[in-house]
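Letters go in sequence order (proteins before strands), and every chain restarts at 1.
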Amino acid sequence: MAEDTHETFYEQVYEFVRQVPRGSVVTYGQVALELGSPSAARAVGYALYFMPKPSDIPWWRVINARGAISYKGRGSSADQQRAMLDDEGVVFDADGRTDLKVYRWWPDGSPGTGDQETAAR
DNA sequence: TTTATGGCTGTCA
DNA sequence: ATGACAGCCATAA
């Protein structure tokens, strides 16, 4: 459906995050990559910082490339985010990290499905 | 138009 | 494996 909208980068981020199913997570770099800018991870994080409706967006499913949380948003804390993911079934390591190779989610038609290369970082 | 910021990422030592 | 540095992108003022 020609979703070739001219929305802002932020809007694209919100939509992408909105597609993340429960129990799965995605990294900033991943989102940026899906949006067309593999290096716009920072912009992605900033986009969530401006979340107009955090209640309408599973921002807690967005973590950094290391599988850890760094959220410092306005009102929410990383600790709370971890609780949310833990409640969805995402398990965290002693270092507060999760196995991206297990919880990372990819949109329909994207790679990742059926690949398990190095997997180690 | 330029400057500054930031929930990041990858590479080097 | 850990710590430090620079790079890149988009938005707001």
*Asks:* Separation of L33(A) atom CG from dC8(B) atom C1', in whole Å?
*Replies:*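 In whole Å, dC8(B) C1' lies 14 Å from L33(A) CG.
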
*Asks:* Looking at R42(A) and dC9(C), is any side-chain donor or acceptor paired with a base atom of the opposite kind under 3.5 Å?
*Replies:*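 By the distance-only test, no, there is no pair.
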
*Asks:* If you check every side-chain atom of Y28(A), which of dT11(C), dT9(B), dC8(C) has the closest atom?
*Replies:* dT9(B)

*Asks:* Is the shortest side-chain N/O distance from S70(A) to OP1 or OP2 of dC8(B) below 4.0 Å?
*Replies:* yes

*Asks:* Less than 4.5 Å apart, any side-chain heavy atom of Q81(A) and any of I63(A)?
*Replies:* yes

*Asks:* For a 4.5 angstrom cut-off between non-hydrogen side-chain atoms, does T98(A) reach L85(A)?
*Replies:* no

*Asks:* For dA10(C), does either OP1 or OP2 sit under 4.0 Å from a side-chain N or O belonging to S37(A)?
*Replies:* yes

*Asks:* What I'd like to find out is whether the side chain of F9(A) reaches to under 4.5 Å of the side chain of V44(A), using heavy atoms alone.
*Replies:* yes

*Asks:* For A43(A), which contact category applies under a 4.0 Å heavy-atom criterion: base, sugar-phosphate, or nothing?
*Replies:* base

*Asks:* Let me know the distance between CE of M51(A) and C1' of dT11(C), rounded to the nearest Å.
*Replies:*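 That distance rounds to 16 Å.
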
*Asks:* Taking only heavy atoms on the protein side, list every residue of residues 58-65 of chain A lying under 4.0 Å from any atom of DNA chain B, sorted numerically.
*Replies:* W59(A), V62(A), N64(A), A65(A)

*Asks:* Take atom OH of Y49(A) and atom C1' of dC8(B), then tell me their distance rounded to the nearest Å.
*Replies:* 16 Å

*Asks:* Rounded to the Å, how far apart are L48(A) CG and dA10(C) P?
*Replies:*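 Value for this atom pair: 15 Å.
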
*Asks:* Among residues at least two apart in sequence or on other chains, which ones pass salt bridge (Lys or Arg N to Asp or Glu O under 4.0 Å) with D79(A)?
*Replies:*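 R82(A).
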
*Asks:* Do R61(A) and W105(A) have side chains that get closer than 4.5 Å, going by heavy atoms?
*Replies:*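 Answer no - side chains too far apart.
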
*Asks:* Nearest whole angstrom, please: distance from the C1' of dT5(B) to the CZ of F9(A).
*Replies:* 16 Å

*Asks:* How close or far is atom P of dT2(C) from atom CG of D95(A), stated in whole angstroms?
*Replies:*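 In whole Å, dT2(C) P and D95(A) CG are 7 Å from each other.
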
*Asks:* Using both distances under 3.5 Å as the test, list the Watson-Crick or G-U wobble partner of dT9(B), or none.
*Replies:*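 dT9(B) is paired, partner dA6(C).
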
*Asks:* Starting at atom CZ of R97(A), determine the distance to atom C1' of dA1(C), rounded to an integer number of angstrom.
*Replies:*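 Nearest whole value for this atom pair: 9 Å.
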
*Asks:* Is the shortest side-chain heavy-atom distance between Y28(A) and L48(A) below 4.5 Å?
*Replies:*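 Touching, per the 4.5 Å side-chain cut-off.
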
*Asks:* Just how far, in rounded Å, is C1' of dA4(C) from CZ of R66(A)?
*Replies:* 11 Å

*Asks:* How about W106(A) and E34(A): do any of their side-chain heavy atoms sit closer than 4.5 Å?
*Replies:* yes

*Asks:* Measure from the side-chain heavy atoms of A41(A) and tell me the nearest of dC8(B), dT2(C), dT11(C).
*Replies:*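 Among the listed nucleotides, the one closest to the side chain of A41(A) is dC8(B).
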
*Asks:* To the side chain of F50(A), which of dA12(C), dT2(C), dC8(C) is closest?
*Replies:* dA12(C)

